[in-house]
Amino acid sequence: MKEKSYRNYYRQRVANQWRKIPAEHGDPSAIRPFLAGNWKMNLIPRAGVALAARIFDLCHDIKDVDMGFAPPFTGLSTLADYIEPDFLQREYGIGRNVFLLAQDTFFESKGAFTGEISADMLAAIGVDRVIVGHSDRRANLGKYFGFSSSVARRLSKDFLTHTLQRLKQRENANPQVLATIEHLIEEKNSDILAGLATFLESELNERAGESDDAIQRKVQAALANGVQVILCCGENREAHLARETFDLLERQLRIGLQGVARHTMSEVIIAYEPIWAIGEGAQPAPLEKIAEVHDFIRNLLMDLYGEQVAARVRILYGGNVKPDNIVAMMQLAGVDGALVGGASLNAVDFAKIIRFGLPNAV
Ligand code: PGA
């Protein structure tokens, strides 16, 4: 399974297995690894620039891999100015391999969507690529925004009794809804009501977030506005333990990529991020699992777009990528880079990840 960690390569499918074939240094048609730092909700704009500057210092000799930085929305403009290619070329001798990433976008182009940012707004300030469907947004919004507790509160007897009185005064109240509420608040059903509240609270806590359909619309909006995409997918611990990973990823990717034409797939990067492997205290997925899942995703892409496209789409791994595990990950035939959270906030660590195995710059 292990190969050398090539910095530029082609990918071939031989006897049903994907392999990396080393390319000449600087070969423009070779596949280039992509190392992306997702800063999440960290760093004010000037701290972001300071971090990027330190990383460029440590990686000024790296020209054969792509690096991306995803500051929060507030940091995008400042970083866009700083990573302007001519400036980076003059100052560090790099430039064309540095990309500005946004952490999210909205699918509508304008209007009454307080707090949202459209893809053409991102394009206008020089964002190259946007992360879509990150698990922080697919799965955790219920927890952050209290969907679960507010639903649970609505399933209390007092709330329902009050609602029933209110609805009964309306002419157009739905009789089915009235009957259901009446049934639920009967004394003999109080245990059912409490159980339902508990069940929904934990379900929403775990699951409420962006739907596959919303994610698909975001992918479409980004590509339509000339912003490339990192489409994230990944399973939670429960699905992992129940061996439902493949079914789930297939659903996420089939829906997320619906409407993306074959010739547009060159603008899409996929990131596999198992939720159980993300964040402080978690362990990265074992190499065998990463290899297996990346192969699965690539074979799915082959089904959707054919072998040529599947061979070239970059598939990143994310979830506790650190300097001490990146080399082994990059040796896997299916891995084309990483989406890095925590370790991307530390210049030395992220520089080591970008260098994956090369000694320090002099
Ligand atoms: P982590 O985050 O590297 O801190 O585990 C990865 C991610 O959420 O993209």
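Reckoned from all heavy atoms, side chains included, excluding hydrogens, waters and symmetry mates. What you see is a predicted model; the values in this text were computed from it and never measured. All ligand and atom numbering here is 1-based and tracks the order in the structure.
- With a 4.0 Å cut-off on non-hydrogen atoms, K40 touches ligand 1 through its side chain and not its backbone.
- Per-residue contacts place G319 under 4.0 angstrom from the following atoms of ligand 1 (heavy atoms of the residue considered): 5 (O).
- Taking the charged nitrogens against the carboxylate oxygens, E238 and R207 do have a contact shorter than 4.0 Å, which makes a salt bridge.
- Using modelled atom types and a 3.5 Å distance limit, the side chains of R137 and N140 yield no donor-acceptor pair.
- Taking a 6.0 Å sphere around CZ of R54, one finds it holds 12 or fewer heavy atoms contributed by other residues, nucleotides or ligands.
- Paired with D336 under the rule salt bridge (charged side-chain N to carboxylate O under 4.0 Å, His left out), one option of R298, R7, R312 passes, and it is R298.
- Atoms of ligand 1 found under 4.0 Å from any heavy atom of H134, numbered from 1 in the order shown, are 7 (C), 8 (O), 9 (O).
- On a distance-only criterion, G341 and ligand 1 share at least one N/O pair closer than 3.5 Å.
- The shortest heavy-atom distance from A343 to ligand 1 is not under 4.0 Å.
- For the pair E273 and ligand 1, the shortest N or O to N or O distance falls below 3.5 Å.
- Atoms of ligand 1 found under 4.0 Å from any heavy atom of G342, numbered from 1 in the order shown, are 1 (P), 3 (O), 4 (O).
- Applying the 4.0 Å criterion to heavy atoms of I278 picks out, from ligand 1, the atoms 2 (O), 5 (O), 8 (O).
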Report task. Using the side chain to side chain contact (heavy atoms under 4.5 Å, CB included) rule, take L58 and I354 through it: C-alpha gap first, then chi angles, then the decisive distance, then the call. Result -> CA-CA 10 Å; L58 295 168; I354 291 171; over 6 Å; no
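- Considering both main-chain and side-chain atoms, V340 never comes within under 3.5 Å of ligand 1 through any nitrogen or oxygen pair.
- Residue D212 forms a side chain to side chain donor-acceptor pair (under 3.5 Å) with just one option from Q258, Q252, R251, and that option is R251.
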